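These notes are about the structure you will find just below.
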Amino acid sequence: VADAGPLIHLSEIGFLSVLQLFDTVHIPDAVWTEIIGHDRVRESDIKGVDNIHMHTLSKNLIANFVKVYQFTHG
């Protein structure tokens, strides 16, 4: 699972291709929004890496996770 920082910095130095070392790179929707929505990484560059999968979670799924996490850890 990728965070925004490494993706931004790999893009800055022109080395997004290094992500091909992994079988799959999962990018959560929030990270996608941070890197693409704020023009930190060009969408065409990130989509040029074949093993990247962007994930969007429903608000209900996130709310259920938070509810369970708070209940078991709070």
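Since the model is a prediction, treat every value here as computed from it, not as a measurement.
- No chain of hydrophobic side-chain contacts below 4.5 Å, direct or via other Ile, Leu, Val, Met, Phe, Trp or Tyr residues, connects Leu57 to Val25.
- Residues in residues 44-55 take part in these salt bridge (Lys or Arg N to Asp or Glu O under 4.0 Å) pairs, two or more places apart or across chains: Arg42-Asp45, Glu43-Lys47.
- Ala2 and Pro28 make their closest contact through O-CD, 3.6 Å (heavy atoms, listed as atom of the first residue, atom of the second, distance).
- The hydrophobic clustering, which links ILVMFWY residues whose side-chain heavy atoms are closer than 4.5 Å, places Val1 and Val18 apart.
- Residues passing the side-chain contact (heavy atoms from CB on, under 4.5 Å) test with Ser58 are Asn60, Leu61, sequence neighbours excluded.
- Partners of Asp29 under the salt bridge (Lys or Arg N to Asp or Glu O under 4.0 Å) rule, at least two apart in sequence or in another chain, do not exist in this structure.
- Expressed to the nearest 0.5 Å, how far CG of Leu16 lies from CD1 of Ile52 amounts to 6.5 Å.
- Listed by first then second residue, pairs satisfying ring pair (Phe, Tyr, Trp, His ring centres under 6.0 Å) with a partner in residues 15-59 read His26-His55, not counting sequence neighbours.
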Side chain to side chain contact (heavy atoms under 4.5 Å, CB included) evaluation trace for Asp23 with Asn51:
CA-CA 7 Å; Asp23 291 331; Asn51 62 335; over 6 Å; no
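- The minimum heavy-atom distance linking Asp3 with Val31 is given by the pair C-CG1, 3.8 Å.
- In the hydrophobic clustering of ILVMFWY residues, with side-chain heavy atoms under 4.5 Å counting as a link, Ile62 and Met54 come out apart.
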Could you pull out all donor-acceptor pairs under 3.5 Å where a side-chain atom in residues 4-13 meets a protein atom, sequence neighbours excluded?
residue, atom, partner, partner atom, Å
His9, ND1, Glu12, OE1, 2.9

